[in-house]
Structures are given as C-alpha cells and as structure tokens.
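Have a look at the structure below before the remarks.
By convention here, the first residue in the shown sequence is residue 1.
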Amino acid sequence: KIMVSSTFWASAGMAFILLLTSLLFIPFFDRIFNIEAYKTIETITAFYLIFMVFVCNYLNASLTSLFYAYDKYYWRNLIGAGGNVITAVLIIALFLTYKCGIIHLASITLFSAFLQLIMTALLAYKTWNFIPALKLYDSETIRNMFQPSLGYFIISFAAMLIFKSDNFII
C-alpha cells in the first residue's frame with residue numbers, strides 16, 4: 001500500500017508540474033499547433049480537458065496496480081468496460097443533438113475518465129480499505145523505483161496516449 005500511495009502522489013505531483021509547465025506555452029499555442037487565432041481559445045480548452053483525462057487515467061493506473069496485485073484485475077476491466085459504454089452512449093446522444101464540437105467530445109471523455117477513477121478508488125476503498133494517503137508517501141520508494149521504471153513509464157505513457165485517446169480521436 002505504501003508503494004501504491006507513493007506512486008499515486010508522485011504521479012499527482014508530476015501532473016501538477018506538467019500543468020504548470022504547459023501554462024507557459026499558452027501564448028504560443030496558435031504557433032505550436034498551427035491554428036487560426038479564432039480557434040485558439042477552443043484549442044486551449046480542449047487541450048486542458050484532454051490533459052485532465054490523462055491525469056485521471058494516470059492516477060487510475062496507480063490504483064489499478066492494487067487490482068493486479070490482489071488478482072482482481074477483472075474488476076478493473078469491468079470498470080473500464082463500463083466507462084467505454086458510458087462514453088459511447090454519451091457521444092451517440094451528443095451526435096443526435098447535432099451540437100457536437102471538440103469541447104463536447106473532450107468533456108465526455110473527461111467525465112468518463114473521472115468516473116472510472118472515482119469507481120476504481122471506491123472499489124479499492126470498499127475491498128481493501130485503501131485510500132492513497134499522503135502520509136503513506138515514501139520518497140525512498142520512489143527513488144528506488146525511478147530508474148527501472150523510467151522505460152516502463154515511457155511505454156505506458158505512449159500506450160495511454162494512444163489507447164485512452166482513441167475515443168476522443170474517433
């Protein structure tokens with residue numbers, strides 16, 4: 001539980017640093033992404049909504065390791081399947097209203113990711129009485145995990161970016 005809490009809070013801290021870093025690039029979004037000036041606000045909003053999807057999914061991955069450790073990964077898979085169903089239903093409903101935009105799609109994706117994070121956290125609490133407490137954070141654990149897990153982080157980051165953003169891209 002110390003390892004999961006440490007990973008959860010280290011991930012949250014890393015996400016916060018990435019958020020602060022990304023704020024420095026707001027004045028250059030139109031040039032970085034080669035977009036017209038009138039679409040800048042919409043692009044920035046969509047970017048931060050999808051950034052929050054990444055944060056929810058990344059924090060969720062920390063909690064998911066509990067399910068694998070206790071051989072209950074099928075519960076996590078059910079939560080993921082439920083999230084995909086909710087996302088699909090909401091996107092179809094959105095398209096039926098003919099008011100579909102990138103902000104709407106990003107919001108649905110964020111809602112689904114946040115709901116999955118909450119459901120995973122609730123199930124971890126109900127099953128193992130586990131809450132990723134800040135008092136369980138151990139910097140030594142993170143230091144020991146850093147070097148061997150850097151390659152895994154890059155691979156999992158790329159996989160989450162590809163697989164977790166499919167619903168948004170489609």
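- Each ring pair (Phe, Tyr, Trp, His ring centres under 6.0 Å) pair with one or both residues in residues 107-127, not counting sequence neighbours, would appear here, but there are none.
- Closest heavy-atom contact between H104 and L94: CB-CD2, 3.3 Å.
- Counting heavy atoms from C-beta on, the side chains of E42 and I102 come closer than 4.5 Å.
- Taking every heavy atom of both residues into account, Q116 and N84 meet most closely at NE2-N, 4.5 Å.
- A donor-acceptor pair is defined here as one N or O able to donate and one able to accept, closer than 3.5 Å; no such pair exists between the side chain of T120 and the backbone of N60.
- Taking the six-membered ring where the residue is Trp, F51 and Y48 present perpendicular rings, their angle passing 60° and hence far from 30°.
- Residues satisfying the side-chain hydrogen bond (donor to acceptor under 3.5 Å, both in side chains) criterion with E140, sequence neighbours excluded, are R143.
- Partners of K72 by salt bridge (charged side-chain N to carboxylate O under 4.0 Å, His left out), not counting sequence neighbours: none found.
- Proximity of a side-chain donor or acceptor of T127 to a complementary backbone N or O of L123 within less than 3.5 Å is detected.
- Side-chain contact between L136 and S6 is absent, with no heavy atoms from C-beta onward closer than 4.5 Å.
- Inter-residue side-chain proximity for F130 and S5 is flagged as met; some heavy-atom pair is nearer than 4.5 Å.
- Under a 4.5 Å side-chain heavy-atom cut-off, the cluster of Ile, Leu, Val, Met, Phe, Trp and Tyr residues that includes I155 has no other member.
- Nearest heavy atom pair, residue T7 against residue S62, reads CG2-OG, 3.5 Å.
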Q. Under the ring pair (Phe, Tyr, Trp, His ring centres under 6.0 Å) criterion, do F67 and Y73 qualify, and how do the steps go?
A. CA-CA 5 Å; F67 293 85; Y73 53 88; 9.9 Å; no
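- In this structure, Y70 has its ring center at least 6.0 angstrom away from the ring center of W75.
- Residues meeting the side chain to side chain contact (heavy atoms under 4.5 Å, CB included) test with L96, sequence neighbours left out: I92.
- Under the 4.5 Å side-chain criterion, counting only non-hydrogen atoms from C-beta, L115 is in contact with I86.
- Partners of S65 under the side chain to side chain contact (heavy atoms under 4.5 Å, CB included) rule, at least two apart in sequence or in another chain, are V4.
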